[in-house]
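Working notes, structure below.
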Amino acid sequence: MSDDACRESAEHSALLKLLSALFYAASSFLITVVNKTVLTSFRFPSYLCLGIGQMITTLVVLYAGKITKTVQFQDFDRSILIKIFPLPLLYVGNHITGLASTKKLSLPMFTVLRKFTILMTMILEVYILRKTFPKRLVYSVVTIVFGAMVAASSDLAFDVEGYTFILLNDAFTAASGVYTKKKLGDQGLGKYGVLFYNSLIIVIPTLLASVFTGDLHQAVTFEDWVKPAFVVCFLMSCFMGFVLMYSIILCSYYNSALTTTVVGAIKNVAVAYVGLFVGGDYLFSWMNFLGLSICMSGGLVYSYLTFNNNNNKSSGNNAEGAPELKIHITQDSTGKYSAN
């Protein structure tokens, strides 16, 4: 990350950081519940079409905002493709695997396995943004992952396809968060430009994929389109898709990619326990519940340490005696990277 971007991040007020984090947490919570209702309760067959609806909503809202001068972002030109790459690929991968895993897994297991995103984000920030982390944060991550493994090991509704989708979603989410922060700091696209051109570039390929796989046909012929309750939930999901994408950009802009991931962990505390009663697909076991509790406790500690660390950095008063896990990346004559 450039020095200018680091200084800009430090200048953001604590209130803006907190509000953007709370906005993302609330948006993420609501869309998870709404998507789960559409895909599981109503058994809507096409998570691709649901994603397309969310992308189109994003384009319509932002373009309307640009016309009315409510929001501003760069007009399209050839340089946009270079500036924004590889975000569109990461975005579509994150979007599709997220919706697919939401459909395949129960809410508690979905939120547990999402915890691996934190570890992946830390690793990518070390390699891409050259960051270091206090050992206490590393220990809390280990606690989170341990709790996730305990809960997943006793999952009575184990689904290989669902687990594959959620782990891929973790990787896409981590990479998307880190590169979003990098693009916001380096490319000058702005919050709205990143959001708009991400959706614009990938909506047509996603639509074509939906057509060729027969996914669109299943969605169009879905019998519950005549039910007002389903239509309302579907439209809510489309709108909340835009809100979620905007909240992620906003949280990443005012905070770090890691902080955005941590906020997701905070949100998951509420989602996981609500999921015990909502959705009807959670099979209770004490080992699973213990794993959930360990995982969520680690997430709370991790969240506290991260926000506390951010506050110390913004005030210029880092706590003394807090050892850091420093990973130095070097490149040898063959072009290979090694960690010391």
Side-chain angles (χ1 to χ4, degrees), residues 27-64 88-111 113-114 157-169 172-173 195-196 198-246 271 274-275 277-283:
S27 302
S28 184
F29 173 82
L30 289 175
I31 195 173
T32 301
V33 175
V34 173
N35 284 347
K36 191 66 178 175
T37 301
V38 172
L39 295 172
T40 301
S41 298
F42 285 101
R43 300 185 183 279
F44 184 65
S46 175
Y47 54 82
L48 271 179
C49 288
L50 187 59
I52 291 170
Q54 294 173 354
M55 297 174 203
I56 292 176
T57 301
T58 299
L59 292 173
V60 170
V61 171
L62 288 180
Y63 188 70
L89 297 179
L90 298 174
Y91 173 84
V92 70
N94 182 31
H95 210 74
I96 292 174
T97 56
L99 289 173
S101 57
T102 300
K103 183 177 182 179
K104 292 288 183 179
L105 298 174
S106 66
L107 275 175
M109 289 313 304
F110 173 84
T111 55
L113 294 175
R114 286 287 289 163
F158 180 79
D159 186 309
V160 174
E161 186 177 357
Y163 275 50
T164 301
F165 273 126
I166 193 64
L167 292 176
L168 286 174
N169 185 233
F172 280 121
T173 301
L195 187 56
F196 182 83
N198 253 337
S199 298
L200 179 64
I201 291 172
I202 65 177
V203 67
I204 295 179
T206 307
L207 181 60
L208 292 176
S210 178
V211 172
F212 286 117
T213 60
D215 201 68
L216 182 62
H217 176 72
Q218 294 182 26
V220 172
T221 58
F222 184 58
E223 59 184 11
D224 282 355
W225 284 113
V226 296
K227 295 181 179 180
F230 169 75
V231 174
V232 170
C233 288
F234 184 87
L235 293 177
M236 285 180 60
S237 177
C238 291
F239 179 73
M240 285 305 304
F242 158 70
V243 173
L244 175 65
M245 288 183 278
Y246 175 66
V271 172
V274 169
F277 308 98
V278 176
D281 56 354
Y282 177 69
L283 302 178

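The model shown is predicted, which means the values in this text are computed figures rather than measured ones. FYI, side chains are in, hydrogens and waters are out, and symmetry mates aren't considered; it's all heavy atoms of this structure.
Of all heavy-atom pairs between Val38 and Ser237, the closest is CG2-CB, 4.5 Å. In terms of heavy atoms, Met245 sits closest to Ser199 at SD-OG, 4.4 Å. The minimum heavy-atom distance linking Thr57 with Cys238 is given by the pair OG1-CB, 3.4 Å. Here the shortest heavy-atom pairing between Phe42 and Cys233 reads CE1-SG, 3.9 Å.
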**OP:** Take Cys49 and Asp215, measure what side chain to side chain contact (heavy atoms under 4.5 Å, CB included) needs, and give me the verdict at the end.
**Re:** CA-CA 7 Å; Cys49 288; Asp215 201 68; 4.0 Å; yes
Original post:
Which is it for Leu195 and Thr58 under the side chain to side chain contact (heavy atoms under 4.5 Å, CB included) test, yes or no, and what are the steps along the way?
Top reply: CA-CA 8 Å; Leu195 187 56; Thr58 299; 3.9 Å; yes
Original post:
Are Leu62 and Tyr246 close enough, and set up right, to give a side chain to side chain contact (heavy atoms under 4.5 Å, CB included), and what steps lead you there?
Top reply: CA-CA 10 Å; Leu62 288 180; Tyr246 175 66; 5.9 Å; no
Original post:
Where do Asn35 and Gln54 land on the side chain to side chain contact (heavy atoms under 4.5 Å, CB included) test, with the steps shown first?
Top reply: CA-CA 11 Å; Asn35 284 347; Gln54 294 173 354; 3.5 Å; yes
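Checked against side chain to side chain donor-acceptor pair (under 3.5 Å), Glu161 has the following partners two or more places apart in sequence or in another chain: Lys104. In this structure, the side chain to side chain contact (heavy atoms under 4.5 Å, CB included) partners of Ile56, at least two apart in sequence or on a different chain, are Ile52, Val60, Val203. By the side chain to side chain donor-acceptor pair (under 3.5 Å) test, Thr173 pairs with Asn94, Arg114, sequence neighbours left out. Qualifying ring pair (Phe, Tyr, Trp, His ring centres under 6.0 Å) partners for Phe172, counting only residues two or more places apart in sequence or in other chains: none. The side chain to side chain contact (heavy atoms under 4.5 Å, CB included) test applied to Pro88 returns Ile84, Asn198, Ile201, Ile202, not counting sequence neighbours.
Ring centroid separation for the pair Phe230 and Phe222 comes in under the 6.0 Å cut-off.
The line from OG1 of Thr37 to CZ of Phe44 is 14.0 Å long, rounded to the nearest 0.5 Å. One finds the CE atom of Met55 at 9.5 Å from the CG atom of Leu50 (value rounded to the nearest 0.5 Å). From Thr97, atom OG1 reaches atom CG of Leu168 across 6.5 Å, with rounding to the nearest 0.5 Å.
Note on residues 218-235: pairs passing side chain to side chain donor-acceptor pair (under 3.5 Å), not counting sequence neighbours, are Asp224-Lys227.
The neighbour count for Leu208 CG, taken as heavy atoms of other residues, nucleotides or ligands under 6.0 Å away, is above 12.
Of the possible donor and acceptor atoms, one in the side chain of Ser210 sits under 3.5 Å from a partner among the backbone N and O of Leu216.
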